[in-house]
Amino acid sequence: MQLEDLLPSAEPVRFVAEDGTETGVPAGHARPADDRLVEAYRRMVLGRRFDTQATALTRQGRLAVYPSSRGQEACQIAAVLALREEDWLFPTYRDSVALVARGLDPAEVLTLLRGDWHCGYDPAATRTAPQCTPLATQTIHAVGLAEAMRRKGEDSVTMALIGDGGTSEGDFHEALNFAAVRKAPVVFFVQNNGYAISVPLARQSAAPALAYKGVGYGVPSEQVDGNDLVAVLSVLEKAVEHARSGQGPFLVEAHTYRIEAHTNADDATRYRDEAEVTRWTAADPLARLQTYLKNRGLLDDEAVQTAETEAEAFAARTRTALNADVEVDPRSMFDHVFAEPTAQLAEQRAQLVAELEEGQA
């Protein structure tokens, strides 16, 4: 593969301007089918409402923590739409919207963030790995599974979602290198939202764009306007097809922004100013897609209302499920640490049981 085949575009790929007007089809890319764009809008509306509901549940004490992805919905929804049902998704802790957009039960998606010891859903049945909190470890898992599927002759790919901060981790670089050497069918999708918690991108990397990190490993790369759903879906569809056709891994960087704080425990005003947030809020991916679809006659007010009504019902179901008190057995925390409990675990469990029985006496 020649160097020019590895390099990303000099500027992020864009189909739709911030005001919703079409800028044209960039060379080398294809506009996604209209019906997929309309479906993307429906899922974005649902995802946005789910995100605000989960944030509210955190403030009410029903969730231990919730990392909002408001402002990143174009990335979340496009990632899911670019995959087939048999493909695997490897999400981070900030990708709950992608999971519900893939059809996972919202209560199961939020189980881990509620404080349980497991992810809530069945990874094998949903082809969705547990949401990963340690930075970049899911990239290695995604490459390993992709390589296994390649050896078995399966026509499937994996997609690893990762934040900009995760690209500074060694696991990310090891995953790129191994995937390139083995030609594993994996897409690395970097959602560059500008901050690794409070650390701005300029303090993380001196590269002109994170997409260039793939070049040194022989991984073709692209960068895209992460708030332009049309562009993100087009680029990811191309990347997935590249991996599925046996050409190996592909790296995509989406330039986006998280409107909310890192989590409910974070005070974002300490490291970014309101003017920056306001500027990015004006580039809202949902409003941009809605205007674009209306301009093309693919969406009307009735369809908007239908999507919003569906989203409200979805939020209500989520709220009802999370407001139900869960019966928790404290002894269960020891059940799946090891296949055979160690002597230390047995001793700790016995101590807990004794304390519980003493409290009931």
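- Nearest heavy atom pair, residue Phe188 against residue Pro249, reads CE1-CB, 4.0 Å.
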Margin query: Checking Gln131 against Thr92 for the side-chain hydrogen bond (donor to acceptor under 3.5 Å, both in side chains) test, could you report, in this order, the C-alpha distance in whole Å, the side-chain angles of both residues, the deciding distance, and whether it holds?
Written below: CA-CA 5 Å; Gln131 288 180 274; Thr92 73; over 6 Å; no
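- With sequence neighbours left out, Ser332 forms a side-chain hydrogen bond (donor to acceptor under 3.5 Å, both in side chains) with no residue at all.
- Checking Thr256, Val235, Leu236 one by one against Val224, the side chain to side chain contact (heavy atoms under 4.5 Å, CB included) holds for a single residue, Val235.
- Sparse packing is recorded around CZ of Arg331, with 12 or fewer heavy atoms of other residues, nucleotides or ligands lying under 6.0 Å away.
- With rounding to the nearest 0.5 angstrom, the CD atom of Glu18 is 5.0 Å from the CZ atom of Arg288.
- Of the possible donor and acceptor atoms, one in the side chain of Arg62 sits under 3.5 Å from a partner among the backbone N and O of Asn323.
- With a 6.0 Å radius and a threshold of 12 heavy atoms from other residues, nucleotides or ligands, Glu347 has its CD atom at or below the threshold.
- With hydrogens and angles ignored, the 3.5 Å screen pairs no side-chain donor or acceptor of His242 with any backbone N or O of Pro185.
- The pair Glu86-Arg127 does not count as a salt bridge, with every side-chain nitrogen at least 4.0 angstrom from each carboxylate oxygen.
- In this structure, Glu327 places its CD atom where only 12 or fewer heavy-atom neighbours from other residues, nucleotides or ligands lie under 6.0 Å away.
- The aromatic rings of Tyr195 and Tyr271 are tilted relative to each other, their planes meeting at an angle between 30° and 60°.
- Tested against Glu260 for a salt bridge (Lys or Arg N to Asp or Glu O under 4.0 Å), the candidates Arg272, Arg70, Arg48, Arg94 yield a single pass: Arg70.
- Between the side chain of Thr128 and the backbone N or O of Thr126 there is at least one donor-acceptor pair closer than 3.5 Å.
- A distance-only check finds a donor-acceptor pair linking the side chain of Glu253 to the backbone of Leu210 [under 3.5 Å].
- With hydrogens and angles disregarded, a donor-acceptor distance shorter than 3.5 Å links the side chain of Gln138 to the backbone of Leu161.
- With hydrogens and angles ignored, the 3.5 Å screen pairs no side-chain donor or acceptor of Asn192 with any backbone N or O of Asp164.
- Val16 and Tyr292 make their closest contact through CG2-CD1, 3.6 Å (heavy atoms, listed as atom of the first residue, atom of the second, distance).
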Item checked: Verdict with reasoning, Tyr257 to Gln72, per side-chain hydrogen bond (donor to acceptor under 3.5 Å, both in side chains) -> CA-CA 6 Å; Tyr257 193 81; Gln72 298 180 215; over 6 Å; no
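- Between the side chains of Ser245 and Glu241, no donor-acceptor pair is found at a separation under 3.5 Å.
- Considering every non-hydrogen atom in both Ala231 and Arg14, the closest pair reads CB-CA, 4.0 Å.
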Note to self: One pair to check against side-chain hydrogen bond (donor to acceptor under 3.5 Å, both in side chains): Asp116 and Thr111. What are the steps and the verdict?
What the structure shows: CA-CA 6 Å; Asp116 212 323; Thr111 294; 5.7 Å; no
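- Leu89 CG to Asp95 CG: the interatomic distance, rounded to the nearest 0.5 Å, is 7.0 Å.
- A 6.0 Å sphere centred on CD of Glu11 holds no more than 12 heavy atoms belonging to other residues, nucleotides or ligands.
- Between Ala82 and Leu233, the shortest heavy-atom contact is N-CD1, 4.1 Å.
- Smallest separation of non-hydrogen atoms from Val186 and Ala179: CG1-CB, 3.7 Å.
- Note that CD of Glu174 is 5.0 Å distant from CD1 of Ile140, once rounded to the nearest 0.5 Å.
- Counting all heavy atoms, side chain and backbone alike, Leu81 lies closest to Arg36 at O-NH2, 2.7 Å.
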